[in-house]
Structure formats: C-alpha cells, structure tokens
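Note that the structure is predicted; figures quoted are calculated from it, not measured. In what follows, every heavy atom counts, from backbone to side chain, and hydrogens, waters and symmetry copies are set aside. Note on naming: letters A, B, ... go to the chains in the order of the sequence lines (proteins, then strands), and numbering restarts at 1 for each one.
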There are 2 protein chains.
Amino acid sequence: MPTMKDVARHAGVSTATVSHVLNGTRTVQPETSERVRIAIANLQYETNGTARNLRVRTTSTFALVVPDLSNPFFPEVAVVIQQEAARAGYDVVIYSIDVPHGESADLFEHYLRAIRRKRYDAVIYAETLLVTPTAHQQLIDSGTPIILIGGTPHPQADRVYIDNYAAVRDVMAYLVGKGHRTIAHITGAAGMASSSARQQGYRDGLLAAGIVPNPEFEVAGSFLYEGGYLGMQRLLERTPRPSAVFAANDETALGAMCACVDAHVSVPDEVAIVGFDDIALAANVRPALTTVYHGQREIGREAIRLAVSAHTQRTPEGGEEQKQTVIVPHRLIVRDSG
Amino acid sequence: MPTMKDVARHAGVSTATVSHVLNGTRTVQPETSERVRIAIANLQYETNGTARNLRVRTTSTFALVVPDLSNPFFPEVAVVIQQEAARAGYDVVIYSIDVPHGESADLFEHYLRAIRRKRYDAVIYAETLLVTPTAHQQLIDSGTPIILIGGTPHPQADRVYIDNYAAVRDVMAYLVGKGHRTIAHITGAAGMASSSARQQGYRDGLLAAGIVPNPEFEVAGSFLYEGGYLGMQRLLERTPRPSAVFAANDETALGAMCACVDAHVSVPDEVAIVGFDDIALAANVRPALTTVYHGQREIGREAIRLAVSAHTQRTPEGGEEQKQTVIVPHRLIVRDSG
DNA sequence: CTGAAAGCGCTAACAT
DNA sequence: ATGTTAGCGCTTTCAG
C-alpha cells in the first residue's frame, strides 16, 4: 500500500501539497495538481482512513444499534439510514444484538466497548431491552452524541419516534368503526416502551368506545412470530371469541394469522387482524395485512439529520446543545386482513 | 476523552507500562498493574482504536457486502457472521447496496472507496451484480483478502458457497418422485451465477426424468417478490398449467403463492410450489413452504473462518497463500406447499 | 520489571 | 503557491 509520501515523491511535491489537492483545502497550481493526480492514479493510492481519522479526530462514521435484524422493520430503517448517511458523507456500521438467547448480554457488552473504542461520531440506538440508561450514560460521558429511535426519552440524547399511542388509537377507532366490540390484543415484548404505549392505546381505544377492557382479551406476545402464534391460539379458546385482534407488530400479526389458518378460522371473516409497522411483507401475504406505517423512511432520514447535526454542532468543551425530539407521522394502511 | 498519557500520569508510570497492562504483553508487577487499572477505571479510559489501528496496521474489522438487506436471507447470514466475528475478536461492518434503482451504482462506487480507505482486514462479498471482477481486482491489488459468498470463483479469493446445481437436482427429483411431470421454473435475477446454476439444475432435473424442458414453463424472475408474483401469473395462463413450480428463491416463491391465492388456485392441490433458501419466513406462511436450506449458519461460520485465516496467514510481502474454497451442505426441507 | 523515544500516515499551522 | 514540521494516541524496540 503506497502512502502519501510515495505519492509526493512521485509527483515531486511535498505531502502537504498532496493532502491539499486531495482535500481541495487550498489553491494549488493546476499543473502541480495534475502531476499529483497522475501519481495517485499510477500508484493506486487511497487515503489511509485510520491515519486521517486520528489526525482530524473524527471518523465520519455512525454506529447503528438494532435489537433484531430478523424483524424486517430494522433492515428497512437500516437501509434508509445507510443511504442518507452516504449522502451526507458518513458511513454507518450496524450492530445487531439478536443472538441465541443468553449470549445477548455478553455480545452487547462487547459491542458497547467496541463502540466506545471506535470513536464513532454518533450512535443511533433503536429501542432494545439491553440498552439501559447506564449504557447510554457511558457513551454520553465519553462525549458521543446519541440518537434514540423510539424507546424512552433521555435528557442528553436526541430522539426520533412515532406516536405509538395515537397510532393505536387510530386502529382502535377504525376497528370500532367497522362494528367490532370484542377486540383482543397480543402485546409486544414486556418491558419495552413501545409495547406499553401500544397497549395503553388499545385499552383507551376500547374505553373511548364505551367498551370495558376484558383482561382475558389481552395476551402476552414478544414482537416475534411465535408470540403471535401462541397468543392467537389462546385467544381462539376464549368464549366469546374476539372478532378482531390488534397485534403489537406485523410479525406478531403474521403469527396470529398462521394460527388462524391452522385452526381453520377465517381471516378476516371470523376474526380481523391488524398489525403494526407496515413491513414490506405486510402487503405480500394473503390476506394482505391491515397495519400502520411506522415511518421507516422518515425515521431513517431524521435520525441521520439529527446525528449529523449533533456531530457538527458539537461544542469543543462542555457547552450543552439543546436536544431535539422529532415525531414522525404514522398512517393507517387498510388492506384485507381487518 | 482521556488518553493513555493521562492514565500513565495518574498511575505514576509510563505509557509503555499502561499499554502493556492493557494488552498483557509483558509481565508487570501486580501492584503497578493494579494502580494502572484503578486509574483506568477512575478516568473511564477506553483505548483509542483509531490510534491503535494506525500503529498496529490492522483494524480487527471485516467488511461484509450484501446486495439486499430486504431479502431476509442476507440478514440471516449477516447475523451469524457478526456473532462468529465477535467470537474471534473482530467487528464487521455491513454494506448493503440495495437502493431505489439507479442510485445503486453510485452508492456502490462510494462504498468501494470507503472500503479501500478503511483498511479492513478482509472483505466478505455476497454475489451481487455490481461486484465485478474489476471491483475485486482493485481490492486485491490493495492487498485486502477477499472471501466470496456464492457467485463465481476468482483465482485470488477464497470462496464459500452451496452447490446450487446439486440442490436443485434434489428438488427436481423430489417433485418428479411425487408424480409431477409439468414442472415450471421462475428464475432468479438475470446475470447471476446462482440463477443460472439453479436454472441448469431445473433443466437437467427434467431431462433426467425423461421430460423435455418446455420453454413456456421457464419464466424470468428477479429473486424478488414481484418477480415471483408476475411470473406465476404468466404461468397460470399456460395450457396445460404446470402442476408444480420451482421458484429460484423463497421470496419468489412467496410472490408465486400470493399470485395463486389471488387467482383462486390452490397450493399445493392445484399447483405445488417449492422455494430456495429456507429463510425463517418459509415456515411462517401458510401453506408452509417446501424449500432447500441454504446453509446460512455454515456460510457465516466458514466465511469468518476463512477471513480470519486469510488475515492472520497473510505473508508480509507477496507470498501467495493457497486460496480455499468450501462448499456448505444443503438440505431439502419438505413442508406443505409442494 | 520499567521507561524513553521512534514512528504508524496523515493534516494544519506556520513558514517562506 | 508550496514546503517544513509538529503532533493525533498508540505500540514496541531498545536500554537500562
């Protein structure tokens, strides 16, 4: 691997000049500049990013931490984040902490240290059970800006999220509007902010329609397929059977739909199902899933905007910037399942 | 952010000593070592990876480039790769080049330069249309070991893949064994090695059963849902109608299944469908998809093994190591769709 | 068992 | 318009 010194020698200039033509950081004679370019091409030179980063004390890289790459929602936002970051001149490295149960905590610990060591310009965190306030604090203490996606607010972090509660109120109003009175809910993973906000929206949606929530109609899910499948099986045993179920996310809804098929219960005729997220798959199953769009494009775009701004605005020492919070719009997508 | 110098000062030792206790690279008096640890804890010190990487000329990081994060197959192998890499002490950064058509080439160009600049210890490449031999060559010339997943062999790169042809021969034998004679095929994306290998397996599977391939039964897909949906629609217009279709991958198969549902054609009664990959989703739709396991666990594991070995075995100057090639096992998974 | 000091490859004052 | 040079924070001879 040739270094800048090699290029300088070949072009008969100093490394300073090479650096400046590379970065366009001061005017250099066209002829000189040309010689440098030729040398670069001949030597197949490429800047050593490690050295550059050390010198400029910046990495032009963000870390993105997601709980689960197997739920398509996260790849969907990850892709947007990568595009937007590239457009803004940053790279992003994805840390996904879904692993065979048990190993997760270790891996997360490992990631956390790696993230601190790598000196990312910002870290973008999707809500995860493992991402505790303590974890945030470590990062914040090290001066890294944090952008939260969903989860709970933190005084020293920017945050972008959708209004889960309002979105679910929308689906409840829709379901009630279609005449459903016995509406069940399969919850998300216990302990997650999005789970409880959606649950609350479910309950209040019922109340608002003058229906008293029936605890029998609330079963625990996990945001995973299995949770939906098992939860639906339990719901199908209830009498009366719910005429509609709101699943905490699309994966859960898919599990619920499969449970219905396996039990020879027709969707949406015997039971309506609505999910949450509007992952691509929602439109690609039959019946197509009614759901709410989670704003993956907007979330990705805003997260990067916040990250870039947090990074560039950062005052050298101390001076706390005002943290921002942005709510992206949701939208009920009516399809065939409910 | 405190530096090693700060730690040294606080502990009353030299930076050399701090470095050595951190890396366990020479024996140091227990008492001294303890003082250093205390200072590290107090200051919340964490190694500056950038500086370290520059000095040791290694990044302990691999790049993984995948064509498409929205096809669950790739997240599935990415997750395994990350775990295995973490276990071996490496990080991996994922570059996904799926973007709204057209932008792809630019983004890929951008990624390629970023990858060269970042001095990854190895790059792992899943087959992509954009990853040309020229692209490989640039990386290889820069001395970065390359590990190919699937695709076509390259003399200077390791490679891990499954035997697509043999796998498809297995599915054809299975279908023929169930009495199917009119078997159609929805192909993968044009120009990809895995597409043609699977197509060849399809044709030869027919021939081996004494059936002459009917060009009408071969329709072009794209490895995407849409390709499967559209392809199936065309197949359903054929007379006679095929009694079975082999889709180039699971996403395609899902599209095909949806097309059948929409056309009121029953799967598997009127037409059997089999896919390829065995993504998690395959078991989570109804009817559950018959498919072939693509060895995502094995591919991930082997890719990292090759990457680590290519990185550590690398001879300082020139000396070409023997490139390795590993074939991971496939397995027909019979479910309900065919 | 420990320290001093030379760099890794680059950028950015500070010269000229 | 260009060159010299001092580091960025770390690891690792080389000395002791």
Side-chain angles (χ1 to χ4, degrees), chain A residues 1-37 39-40 43-61 113-114 116-121 142-143 316-317, chain B residues 1-37 39-40 43-61 113-114 116-121 142-143 316-317:
Chain A
M1 268 324 243
T3 74
M4 187 174 274
K5 215 152 138 191
D6 298 322
V7 175
R9 190 155 26 76
H10 275 246
V13 298
S14 71
T15 60
T17 299
V18 176
S19 173
H20 284 121
V21 331
L22 238 27
N23 302 306
T25 183
R26 85 179 173 193
T27 46
V28 17
Q29 202 107 52
E31 188 230 284
T32 318
S33 158
E34 190 52 25
R35 282 212 317 282
V36 170
R37 284 184 202 298
I40 288 175
L43 297 177
Q44 300 221 56
Y45 170 77
E46 186 65 70
T47 304
N48 181 324
T50 303
R52 174 170 214 284
N53 292 347
L54 175 60
R55 180 59 229 238
V56 302
R57 317 169 77 88
T58 229
T59 56
S60 298
T61 306
R113 300 202 52 188
R116 302 217 308 138
R117 263 202 297 273
K118 298 251 174 153
R119 303 294 198 268
Y120 293 112
D121 289 344
S142 72
E317 282 304 323
Chain B
M1 268 324 243
T3 73
M4 188 174 273
K5 215 153 137 189
D6 299 322
V7 174
R9 190 156 25 77
H10 275 247
V13 298
S14 70
T15 60
T17 299
V18 176
S19 173
H20 284 121
V21 331
L22 237 27
N23 301 306
T25 183
R26 83 177 174 195
T27 45
V28 17
Q29 202 108 50
E31 188 231 285
T32 316
S33 156
E34 191 51 25
R35 282 212 317 282
V36 171
R37 284 184 201 298
I40 288 175
L43 297 176
Q44 299 222 56
Y45 169 77
E46 186 65 70
T47 304
N48 181 324
T50 303
R52 173 171 218 283
N53 291 347
L54 175 59
R55 179 60 228 238
V56 303
R57 317 169 77 89
T58 229
T59 56
S60 299
T61 305
R113 299 202 53 190
R116 302 217 307 139
R117 264 203 296 275
K118 299 251 175 153
R119 304 293 199 267
Y120 294 112
D121 289 345
S142 72
E317 283 303 325

Just the rounded figure in Å: distance from [atom2] of [N] to [atom1] of [X].
| X | N | atom1 | atom2 | value |
| --- | --- | --- | --- | --- |
| B/Arg35 | C/dC1 | CZ | P | 14 Å |
| A/Arg117 | D/dT11 | CZ | P | 11 Å |
| A/Asn53 | C/dC8 | CG | C1' | 14 Å |
| A/Met1 | C/dC8 | CE | C1' | 14 Å |
| B/Arg57 | D/dT12 | CZ | P | 12 Å |
| B/Gln29 | C/dG3 | CD | P | 11 Å |
| A/Asp6 | C/dG9 | CG | P | 9 Å |

- Task: Could I get the full list of side chain to side chain contact (heavy atoms under 4.5 Å, CB included) partners for A/Arg55, not counting sequence neighbours?
- Result: none
- For B/Gln44, all residues meeting side chain to side chain contact (heavy atoms under 4.5 Å, CB included), sequence neighbours excluded: A/Asp141
I'd like to check [X] versus [Y] (side-chain heavy atoms, cut-off strictly below 4.5 Å). Are they in contact?
| X | Y | result |
| --- | --- | --- |
| A/Arg35 | A/Thr17 | no |
| B/Val7 | B/Leu43 | yes |
| A/Asn48 | A/Thr3 | no |

- End-to-end axis angle, where each axis spans five pairs of the helix from C/dC1-D/dG16 to C/dT16-D/dA1, to 10°: 40°
- Task: Taking all heavy atoms of A/Leu54 and all of B/Ala51, pick out the closest pair and write down the distance.
- Result: CD1-CB, 3.7 Å
- Query: With a 4.0 Å cut-off on heavy atoms, is B/Thr32 in touch with a base, just the backbone sugar-phosphate, or nothing at all?
  - Reply: sugar-phosphate
- With sequence neighbours excluded, tell me which residues meet side-chain hydrogen bond (donor to acceptor under 3.5 Å, both in side chains) with A/His10. none
- Partner residues of A/Arg57 under the side-chain hydrogen bond (donor to acceptor under 3.5 Å, both in side chains) criterion, sequence neighbours left out: none
- Going by atom types alone, do A/Lys118 and B/Thr61 pair a side-chain donor with an acceptor below 3.5 Å? yes
- Query: If each of B/Leu54 and B/Thr27 is mapped to the nucleotide of DNA chain C with the nearest heavy atom, which maps nearer the 5' terminus, i.e. the 5' end?
  - Reply: B/Thr27
- Can a side chain N or O of A/Thr17 be found less than 4.0 Å away from OP1 or OP2 on D/dG3? yes
- Base, backbone or nothing for each nucleotide of nucleotides 10-16 of chain C, written B, S, -, heavy atoms under 4.0 angstrom, 5' to 3'? BBB-B--
